J.: 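First, the structure itself, so that you have it in front of you.
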Amino acid sequence: MTYTSAQANKLLKKLNGEHAALLDKESRSKDFCAAMGEDVESVRPAYDYGDTQNRLAELEQRIRKVKHAINVFNATHVIPDFHMTIDEMLVYIPQLTQRKNKLAEMKARLPKERVEEQYGRQSNIIDYTYANYDLAAVEADYEKTADELSRAQLALDAVNQRDTFELAE
C-alpha cells in the first residue's frame, strides 16, 4: 500500500499505542489476587497467554516494517531546493533552530550592560559587559537563519504530506 510519510507516522503511532495498551492489559491480567475463601474463578480476569503473545509479536513485526519503510524513505528521498535527504533535513532543522536561538539571545543584548552584583558581593565598583560583535550583523544573520528555518520546515512538511512510498502490508 502507498503512504505519505505523515500517514505512515500516524500508522506507527497507532500501532505503538495498540502495543502499549496490550502490554498494559497483559500486566493487569496475567496474575491476580483472591482472598481466602473467595471463589477464584469468579475473580479471574480473562487472559490467554498464547493469544496475547501472538498478538504482541504481530504488532512488533508490523511496527518494525513501518519504521523500516519510514527510515528507508527518509534516508533516500531528496528534498527539492535543499539537495539533502529527509534524514539530513531532520538534522539540519535542529541545527538551524539552535543557531536561531543563539542569535536571538545575542541580538537582544545591549552594546553595554551593567553587571549586576554577584554572589551578594557589595562593591562601589561598577562593572560593565560589552558586546564584542556587530549587533547589526547579528540581526541580519538572525533574520536570514529564521527565514531559512521556516523554508526548511515548510519544504519538509510538503514532502511529508505529498510524496509517497510503498509499505508492504
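Keep in mind that this is a model prediction, so the values were computed, not measured.
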J.: Has Glu139 got a side-chain atom pairing as donor or acceptor with Ala136's backbone, closer than 3.5 angstrom?
T.: no
J.: Find the distance between CG (Leu15) and CD (Glu58) and round it off to the nearest 0.5 Å.
T.: 11.5 Å
J.: Atom CD of Gln153 and atom CE of Met89: how far apart are they, to the nearest 0.5 Å?
T.: 10.0 Å
J.: Hey, does the side chain of Ser42 reach the backbone of Asp39 with a donor-acceptor pair shorter than 3.5 angstrom?
T.: yes
J.: Can you establish whether the number of heavy atoms outside Gln98 located under 6.0 Å from its atom CD is more than 12?
T.: no
J.: So, for Pro45 and Ser29, which heavy atoms are closest and what is the spacing to 0.1 Å?
T.: CG-O, 3.6 Å
J.: With rounding to the nearest 0.5 Å, note down the distance linking CD in Glu166 to CE in Met1.
T.: 9.5 Å
J.: Can you see whether Gln53 engages Glu26 through a side-chain donor-acceptor pair at a distance of less than 3.5 angstrom?
T.: yes
J.: Between CZ of Arg55 and CG of Asp48, what distance do you get to the nearest 0.5 Å?
T.: 9.0 Å
J.: Donor-acceptor pair, Ser27 side chain versus Leu23 backbone, under 3.5 Å?
T.: no
J.: Using salt bridge (Lys or Arg N to Asp or Glu O under 4.0 Å), reason through Glu105 and Lys102 one step at a time and then give a plain yes or no.
T.: CA-CA 5 Å; Glu105 186 179 307; Lys102 177 190 78 166; over 6 Å; no
J.: Answer yes or no: does atom CZ of Arg114 have more than 12 heavy-atom neighbours from other residues, nucleotides or ligands under 6.0 Å?
T.: no
J.: May I ask you to test the Leu11-Gln7 pair for a side-chain heavy-atom distance under 4.5 Å?
T.: no
J.: For residues Leu90 and Pro94, report the shortest heavy-atom separation together with the two atoms involved.
T.: O-CD, 3.1 Å
J.: For Lys14 and Glu18: C-alpha separation, side-chain torsions, deciding distance, then whether salt bridge (Lys or Arg N to Asp or Glu O under 4.0 Å) applies.
T.: CA-CA 6 Å; Lys14 177 183 174 240; Glu18 288 176 23; 3.4 Å; yes
J.: Taking the side chain as every heavy atom from C-beta outward, state whether Asn160 and Thr4 have any pair of such atoms under 4.5 Å apart.
T.: no
J.: Taking it one step at a time, do Glu148 and Arg151 satisfy salt bridge (Lys or Arg N to Asp or Glu O under 4.0 Å)?
T.: CA-CA 5 Å; Glu148 176 74 354; Arg151 194 171 76 86; 3.2 Å; yes
J.: To the nearest 0.5 Å, what is the distance between OH on Tyr49 and CG on Asp51?
T.: 12.0 Å
J.: Would Lys30 and Tyr47 count as a cation-pi pair here, with the cationic atom under 6.0 angstrom from the ring centre and within 45° of the axis?
T.: no
J.: Say whether Leu156 and Val91 are linked into one hydrophobic cluster, either directly or through other cluster members, by side-chain heavy-atom distances under 4.5 angstrom.
T.: no
J.: Between Glu88 (side chain only) and Thr85 (backbone N and O only), is there a donor and an acceptor less than 3.5 Å apart?
T.: yes
J.: Please check: side-chain N/O of Glu143 versus main-chain N/O of Ala140, any donor-acceptor pairing under 3.5 Å?
T.: no
J.: Testing the basics here: between Ala8 and Tyr3, what is the closest heavy-atom pair and its distance to 0.1 Å?
T.: N-CD2, 4.1 Å
J.: Mind checking whether Thr2 and Leu167 have side chains closer than 4.5 Å, heavy atoms only?
T.: no
J.: With distance as the sole test, does Glu113 use its side chain to make a donor-acceptor pair with the main-chain N or O of Leu110 at under 3.5 Å?
T.: yes
J.: Can you find a heavy atom in the side chain of Tyr142 that is under 4.5 Å from one in the side chain of Met106?
T.: no
J.: Show me, pair by pair, the donor-acceptor contacts under 3.5 angstrom made by side chains of residues 63-81, not counting sequence neighbours?
T.:
| residue | atom | partner | partner atom | Å |
| --- | --- | --- | --- | --- |
| Asn71 | ND2 | Lys67 | O | 3.4 |
| Thr76 | OG1 | Val72 | O | 2.7 |
| His77 | NE2 | Asp163 | OD2 | 2.5 |

J.: Any non-hydrogen side-chain atom of Ile126 less than 4.5 Å from a side-chain atom of Tyr128?
T.: yes
J.: Please check: side-chain N/O of Asn9 versus main-chain N/O of Ser5, any donor-acceptor pairing under 3.5 Å?
T.: yes
J.: Taking the six-membered ring of Tyr130 as reference, does the NZ or CZ atom of Lys112 fall below 6.0 Å from its centre and within a 45° cone about the axis?
T.: no
J.: For Thr52 and Leu22, which heavy atoms make the closest approach, and how far apart are they?
T.: O-CD2, 4.1 Å
J.: Are the side chain of Tyr92 and the backbone N or O of Met84 linked by a donor-acceptor pair below 3.5 Å?
T.: no
J.: Does Asp141 form a salt bridge (Lys or Arg N to Asp or Glu O under 4.0 Å) with Arg99? I'd like the steps, not just the answer.
T.: CA-CA 9 Å; Asp141 281 351; Arg99 178 169 173 74; 3.7 Å; yes
